[in-house]
Amino acid sequence: NACQQALEEGFQVLPVETWLQVIPQLMARIHSTVKPVRRLVLKLLCEIGHAHPQALVYPVTVATKVCQSCVADGDFFAVYFYRDFKRIGE
């Protein structure tokens with residue numbers, strides 16, 4: 001999709017610090033029913049997390065408290081983040 005490709009290219013051009021101010025809005029889109037949107041948001045959040053892991057600690061903590069049923073179902077993005085962030089400590 002041309003739109004998806006344009007967004008991915010835009011994400012690469014802009015410094016990751018650009019997105020720090022809109023983390024709450026990104027988190028609100030984490031469960032989008034549109035798969036490409038969800039994938040792009042997750043990818044962007046992971047890039048933010050690699051550069052500034054501390055910026056995601058509070059939003060992820062709040063999200064896990066708010067969505068306990070999502071965590072219990074294993075349908076939560078924390079699993080995705082954990083897998084990706086685990087590499088940071090290695």
Side-chain angles (χ1 to χ4, degrees):
N1 177 332
C3 182
Q4 183 179 349
Q5 186 177 359
L7 285 170
E8 286 181 356
E9 290 171 8
F11 292 162
Q12 292 173 359
V13 173
L14 291 171
V16 78
E17 289 75 19
T18 304
W19 303 103
L20 292 175
Q21 298 298 316
V22 294
I23 289 174
Q25 289 82 358
L26 292 171
M27 298 292 284
R29 301 292 172 255
I30 204 78
H31 288 296
S32 173
T33 57
V34 181
K35 227 176 193 176
V37 170
R38 187 173 60 238
R39 191 183 65 75
L40 285 172
V41 169
L42 284 169
K43 184 177 179 182
L44 183 55
L45 285 169
C46 283
E47 289 177 24
I48 293 168
H50 282 292
H52 302 281
Q54 73 283 0
L56 291 178
V57 171
Y58 182 74
V60 169
T61 302
V62 169
T64 58
K65 300 290 183 203
V66 169
C67 191
Q68 286 297 320
S69 64
C70 297
V71 175
D73 292 341
D75 183 34
F76 199 65
F77 64 94
V79 174
Y80 185 89
F81 283 125
Y82 175 75
R83 184 187 70 216
D84 210 42
F85 286 150
K86 196 166 98 171
R87 288 184 269 153
I88 294 172
E90 296 175 351

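Numbers for residues simply follow the sequence, beginning at 1.
Shown here are the side chain to side chain contact (heavy atoms under 4.5 Å, CB included) partners of Val13, two or more places apart in sequence or in another chain: there are none. With sequence neighbours excluded, the residues satisfying side chain to side chain contact (heavy atoms under 4.5 Å, CB included) with Val22 are Trp19, Gln25, Leu26. Annotation: salt bridge (charged side-chain N to carboxylate O under 4.0 Å, His left out) contacts of Glu8 (sequence neighbours excluded): Arg39. For Pro24, there are no side chain to side chain contact (heavy atoms under 4.5 Å, CB included) partners, not counting sequence neighbours. For the side-chain hydrogen bond (donor to acceptor under 3.5 Å, both in side chains) test, no residue two or more places apart in sequence or in another chain qualifies with Gln12. By the side-chain hydrogen bond (donor to acceptor under 3.5 Å, both in side chains) test, Glu9 is found to be paired with Gln5, residues two or more places apart in sequence or in another chain being considered.
Rounded to the nearest 0.5 angstrom, Phe11 CZ and Ile48 CD1 are separated by 9.0 Å. Interatomic distance, Ile30 CD1 to Leu42 CG, rounded to the nearest 0.5 Å: 4.0 Å.
Nearest heavy atom pair, residue Leu56 against residue Leu45, reads CD1-O, 3.3 Å. When all heavy atoms of Val57 and Thr61 are compared, the closest pair comes out as O-OG1, 2.7 Å.
With contacts defined as side-chain heavy-atom distances shorter than 4.5 Å, the pair Val60/Met27 qualifies.
Residues in residues 21-38 take part in no salt bridge (Lys or Arg N to Asp or Glu O under 4.0 Å) pair, two or more places apart or across chains.
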